[in-house]
Number of protein chains: 2
Amino acid sequence: MPLTLKDIAKIAGVAESTVSRAINNKPGVGEETRKKILKIVEEYNFQPNKLAQGLAKKQTHILALLLPDLSNPNYPTIIKSIEEVANENGYQVVLCNTDNNPEKEKGYLELVERNQVDGAIVVGGELADRHILNLALNKNASLVLVNRLCEELTIPTVLVDSARGAYLATEHLIDQGISEIALIMGLDREFLESEKLEGYKQALTDNGIELNEKLIVQTEGSREAGYRAFLELMKKGVTPGGFFATSDLLAAGLVEAIKMGGYLIPEDFSVVGYGDSLVSSIITPPLTVVAEPLTRLGKLAARNLINLLNGKQPAEIIKVLNPSIKVRNSSTPHIKDK
Amino acid sequence: MPLTLKDIAKIAGVAESTVSRAINNKPGVGEETRKKILKIVEEYNFQPNKLAQGLAKKQTHILALLLPDLSNPNYPTIIKSIEEVANENGYQVVLCNTDNNPEKEKGYLELVERNQVDGAIVVGGELADRHILNLALNKNASLVLVNRLCEELTIPTVLVDSARGAYLATEHLIDQGISEIALIMGLDREFLESEKLEGYKQALTDNGIELNEKLIVQTEGSREAGYRAFLELMKKGVTPGGFFATSDLLAAGLVEAIKMGGYLIPEDFSVVGYGDSLVSSIITPPLTVVAEPLTRLGKLAARNLINLLNGKQPAEIIKVLNPSIKVRNSSTPHIKDK
DNA sequence: TTGTACGCGTTATCAA
DNA sequence: TTGATAACGCGTACAA
């Protein structure tokens with residue numbers, strides 16, 4: 001059983017409140033006594049119990065970061081930027097893996113609901129969730145959403161315009177002279193995926209290309225799914241000139257399948273991925289991708305949350321960032337050839 | 001301000017203790033009153049304050065998992081297996097990114113030190129750390145180490161015999177008829193890396209090959225470092241027949257550099273990596289790697305910690321698991337050629 | 001079965 | 001400048 005403030009007080013021969021003031025650098029303690037107390041604190045390596053502190057102060061200085069999938073190679077960048085801002089402001093960050101499981105997500109949201117953390121940043125995942133909304137409204141919990149949208153727009157949100165990202169990707173392929181473009185996407189019950197579908201369609205429309213439903217494969221977001229998607233398309237007998245895969249992993253699987261089939265990228269098929277991660281850059285050939293401003297995304301989210309904790313609402317409830325396209329070798333046969 | 005137990009008691013017209021018993025399924029409450037109370041709890045969506053609970057019960061049912069580097073593609077597997085065991089036993093898991101930064105690590109260890117979590121699993125990272133040890137001894141905090149060793153052997157530890165892994169990798173290359181084997185490794189102040197160096201040396205010795213210090217490059221564990229390592233070796237004028245890179249990222253960079261130099265794998269250079277992750281399998285060609293039993297590792301660690309929390313010491317303080325080698329195309333020219 | 005009262009370890013208020 | 005004491009929200013002996 002660790003030492004308590006009371007023990008220290010007894011040892012120093014002063015009252016508990018005096019010790020409390022001393023270790024919290026609060027005024028109202030004589031220079032002499034403060035030194036004496038701090039020395040004892042040091043000597044016994046006393047650490048105040050955070051639970052008790054939190055109970056009394058109603059603050060823990062911990063933020064939770066809820067992530068739907070830890071194997072997403074884009075997340076480390078977001079995480080780091082959030083931690084950076086948090087640490088600068090005296091907050092620790094704990095990560096919570098929700099596995100896209102509503103139950104787990106709810107469990108972790110209870111951390112904020114029940115005062116174990118001061119606030120939470122929820123990244124990605126399924127569409128709108130009543131639970132999150134109720135939480136934010138009823139308990140006025142401090143929440144910030146990243147790349148996720150909630151029905152009513154009352155929770156501060158930072159997101160990347162993924163429809164625009166998909167538009168850029170599709171347009172880029174069209175610019176290469178390709179008109180039959182397959183879309184390999186995740187399930188559209190995820191907000192971001194449905195957005196990408198819209199962007200894809202819009203790019204086709206704007207370029208006078210008719211939508212061919214056969215070219216769209218909707219599946220889960222794994223590498224295996226990407227692999228199977230290619231086989232499925234081949235079986236259907238459709239032969240696109242290019243592919244747009246809406247995630248790193250889908251693209252990775254897709255590329256494997258293409259190569260396994262004996263085809264060349266980009267000579268036989270152009271491929272564009274989504275997400276400028278390690279994965280897309282070590283694939284052979286390096287993938288042209290839609291790149292998101294992940295660091296900016298994370299920093300904005302963290303700042304929003306910290307502002308919220310200080311009672312400040314963000315200027316814009318919903319902040320939309322623009323993705324860009326990063327051209328590499330998987331989509332540009334002509335540039336390489338000449 | 002959320003409802004408290006007192007509020008519920010007032011609404012139900014009973015004492016606080018009765019409410020407490022009711023929501024905790026403790027005996028000593030009339031069936032009638034229990035129902036009434038639970039209905040009110042439901043209706044008002046009352047959630048007990050975990051800080052107060054923790055303070056009173058000295059338990060939070062949260063475990064911390066400290067990781068040195070989130071971008072390590074092997075970790076998701078470990079994390080999932082730990083979470084699985086934890087959840088089955090009624091614990092939540094929060095992840096803490098220490099970034100291999102002792103300060104941050106210390107900060108997160110304070111979570112257990114100061115009762116915000118019940119225990120912690122510390123994965124990998126630098127060699128022995130006084131702080132961890134003191135924590136475990138003085139505060140008898142519940143700690144378990146994974147792939148990390150602490151000076152005195154008093155903390156339950158699960159680790160993979162990485163010396164053996166390196167031995168297997170080196171031997172495999174030797175079996176391919178290669179005698180000049182370069183070692184691209186991380187800094188040997190990390191326990192696991194120094195172990196790998198030993199395994200490498202042992203394999204050479206056992207096969208009557210003399211150690212050539214020039215073939216060893218020690219660097220940080222990043223992809224860029226792997227890339228530079230190859231260039232450095234070339235500059236030195238040494239021409240190994242094969243490479244053993246001690247991490248996924250090092251291997252990824254190394255492979256890039258080799259290909260960028262116009263060489264073929266495995267025709268010109270054989271490459272063996274460490275870690276059976278997504279990265280090593282999507283590289284072209286797929287990498288022969290040392291594979292660790294990550295799921296087993298995680299589950300054992302989690303069980304150890306939970307046992308510890310229940311007052312049971314593990315049967316073996318140090319449990320060593322064996323890695324295996326997974327042969328793919330990067331190291332077997334002859335198998336492919338014939 | 002139910003209620004009272006105290007403890008958990010801190011902070012904050014008010015006197016002294 | 002200090003010290004006593006009441007919160008904070010919950011669990012739990014003990015008494016009723």
Side-chain angles (χ1 to χ4, degrees), chain A residues 1-38 40-41 44-62 110-118 139 141, chain B residues 1-38 40-41 44-62 110-118 139 141:
Chain A
M1 45 226 75
L3 289 174
T4 70
L5 202 149
K6 191 188 278 177
D7 298 324
I8 301 294
K10 201 170 289 174
I11 297 171
V14 298
E16 301 175 41
S17 46
T18 308
V19 177
S20 174
R21 282 187 284 254
I23 60 180
N24 289 308
N25 287 318
K26 295 223 170 168
V29 192
E31 204 42 51
E32 291 293 285
T33 30
R34 160 161 286 149
K35 270 185 192 156
K36 186 173 73 180
I37 292 173
L38 291 184
I40 296 179
V41 164
Y44 287 82
N45 188 26
F46 166 68
Q47 307 265 56
N49 179 316
K50 284 270 183 182
L51 290 182
Q53 274 186 333
L55 191 57
K57 294 205 298 193
K58 298 178 175 304
Q59 277 198 62
T60 62
H61 283 277
I62 299 181
E110 283 183 3
L111 291 178
V112 21
E113 206 167 349
R114 299 167 78 166
N115 305 79
Q116 298 183 281
V117 302
D118 291 346
K139 314 238 177 181
Chain B
M1 43 227 78
L3 289 175
T4 72
L5 205 150
K6 191 189 279 179
D7 298 326
I8 301 295
K10 201 170 290 173
I11 297 172
V14 298
E16 300 176 39
S17 50
T18 308
V19 177
S20 174
R21 283 186 284 254
I23 59 180
N24 290 309
N25 286 318
K26 297 228 167 166
V29 193
E31 204 42 52
E32 292 291 286
T33 30
R34 162 161 285 150
K35 269 185 191 156
K36 186 172 75 181
I37 292 173
L38 290 183
I40 295 180
V41 164
Y44 288 82
N45 188 26
F46 166 68
Q47 307 266 55
N49 179 315
K50 283 268 182 187
L51 290 181
Q53 273 187 333
L55 192 57
K57 294 206 298 191
K58 296 178 175 304
Q59 276 198 60
T60 62
H61 282 277
I62 300 182
E110 283 183 3
L111 290 179
V112 20
E113 204 169 355
R114 300 168 78 167
N115 307 78
Q116 298 182 282
V117 302
D118 291 345
K139 314 241 176 179

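Residue numbers begin at 1 in each chain, while the letters A, B, ... track the order of the sequences.
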**Student:** Distance check: side-chain N/O of A/Thr18 vs OP1/OP2 of D/dG3, anything under 4.0 Å?
**Tutor:** yes

**Student:** When you match B/Ala52 and B/Thr33 each to their closest nucleotide on DNA chain C, which lands nearer the 5' end?
**Tutor:**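 Its nearest nucleotide being more 5', the pick is B/Thr33.
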
**Student:** Closest heavy-atom contact between A/Val117 and A/Thr60?
**Tutor:**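 So the minimum-distance heavy-atom pair works out to CA-OG1, 3.4 Å.
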
**Student:** When you measure from the side chain of B/Arg114 to the backbone N and O of A/Leu51, does any donor-acceptor pair fall under 3.5 Å?
**Tutor:** no

**Student:** Looking only at non-hydrogen atoms, find the nearest pair between B/Asn45 and A/Glu113 and report the distance.
**Tutor:** ND2-OE2, 4.4 Å

**Student:** Let me know the distance between CD of A/Glu16 and P of D/dG3, rounded to the nearest Å.
**Tutor:**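 The answer, rounded to whole Å, is 11 Å.
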
**Student:** The helix from C/dT1-D/dA16 to C/dA16-D/dT1: angle between its terminal axes, five pairs each, to 10°?
**Tutor:**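 Roughly 50°, once rounded to the nearest ten degrees.
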
**Student:** To the nearest Å, how far apart are B/Arg21 CZ and D/dG9 P?
**Tutor:**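 Nearest whole value for this atom pair: 21 Å.
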
**Student:** For a 4.5 angstrom cut-off between non-hydrogen side-chain atoms, does B/Ile62 reach A/Leu111?
**Tutor:** yes

**Student:** Under 3.5 Å, is there a donor-acceptor pair between the side chain of B/Arg21 and the main chain of B/Pro27?
**Tutor:**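 Answer holds: no.
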
**Student:** Starting at CD of A/Gln116 and ending at P of D/dC10, how long is that distance when rounded to a whole Å?
**Tutor:** 12 Å

**Student:** Going 5' to 3' along DNA chain C, which are the first and last nucleotides with any atom under 4.0 Å from a heavy atom of chain B?
**Tutor:**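 Endpoints of the contacted stretch of DNA chain C: C/dT1 to C/dG9.
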
**Student:** Answer yes or no: side-chain N or O of A/Arg114 and base N or O of D/dG9 forming a donor-acceptor pair under 3.5 Å.
**Tutor:**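 Looking at the base of D/dG9, it does not pair with any donor or acceptor on the side chain of A/Arg114 (distance under 3.5 Å).
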
**Student:** Is A/Val14 close to A/Val19 at the side-chain level, that is, under 4.5 Å between some pair of heavy atoms?
**Tutor:**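 Yes, their side chains come closer than 4.5 Å.
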
**Student:** Just call it for A/Thr4: base, sugar-phosphate, or nothing, with non-hydrogen atoms closer than 4.0 Å on any strand.
**Tutor:** sugar-phosphate

**Student:** Which listed nucleotide (D/dC8, D/dG11, D/dG3) is nearest to the side chain of B/Ser20?
**Tutor:** D/dG11

**Student:** Short of 4.0 Å, heavy atom to strand atom, which residues of residues 22-32 of chain B count as contacting DNA chain D?
**Tutor:**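 Hits under 4.0 Å, by residue number: B/Asn24, B/Lys26.
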
**Student:** If you check every side-chain atom of A/Val14, which of D/dG3, D/dA13, D/dC10 has the closest atom?
**Tutor:** D/dG3

**Student:** Between A/Asn24 and A/Lys26, is there a donor-acceptor pair closer than 3.5 Å when you use the side chain of the first and the backbone of the second?
**Tutor:** no

**Student:** Could you report the tightest heavy-atom contact between B/Val29 and B/Thr33, atom names first, then the distance?
**Tutor:** CG1-OG1, 3.7 Å

**Student:** Regarding A/Lys58, tell me which of base, sugar-phosphate or nothing describes its non-hydrogen contacts under 4.0 Å with the strands shown.
**Tutor:**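 The answer is sugar-phosphate, as A/Lys58 gets under 4.0 Å only of primed atoms, P, OP1 or OP2.
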
**Student:** Taking 4.0 Å as the cut-off, does a side-chain nitrogen or oxygen of B/Gln53 come that near to OP1 or OP2 on D/dG11?
**Tutor:** yes

**Student:** CG of B/Leu55 versus P of D/dT12: gap in Å, rounded?
**Tutor:**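 Rounded to whole Å, this separation is 13 Å.
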
**Student:** In whole angstrom, what separates B/Lys6's NZ from D/dA6's P?
**Tutor:**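 After rounding, the reported distance stands at 13 Å.
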
**Student:** Between A/Ile8, A/Ile40, A/Ile37, which is the residue that forms a side chain to side chain contact (heavy atoms under 4.5 Å, CB included) with A/Phe46?
**Tutor:**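 It is A/Ile8; the other options fail the test.
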
**Student:** Distance check needed: D/dT12 P versus B/Leu5 CG, whole Å only.
**Tutor:**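 Result: 12 Å.
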
**Student:** Is the shortest side-chain heavy-atom distance between A/Ile23 and A/Leu38 below 4.5 Å?
**Tutor:** yes

**Student:** Specify the closest pair of heavy atoms between B/His61 and B/Asp118, including all atoms of both residues, with the distance to one decimal.
**Tutor:**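 So the two residues come closest at N-OD2, 2.8 Å.
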
**Student:** Heavy atoms only: give me the nearest B/Ala9-B/Ala15 pair and the separation to one decimal.
**Tutor:** CB-C, 3.8 Å

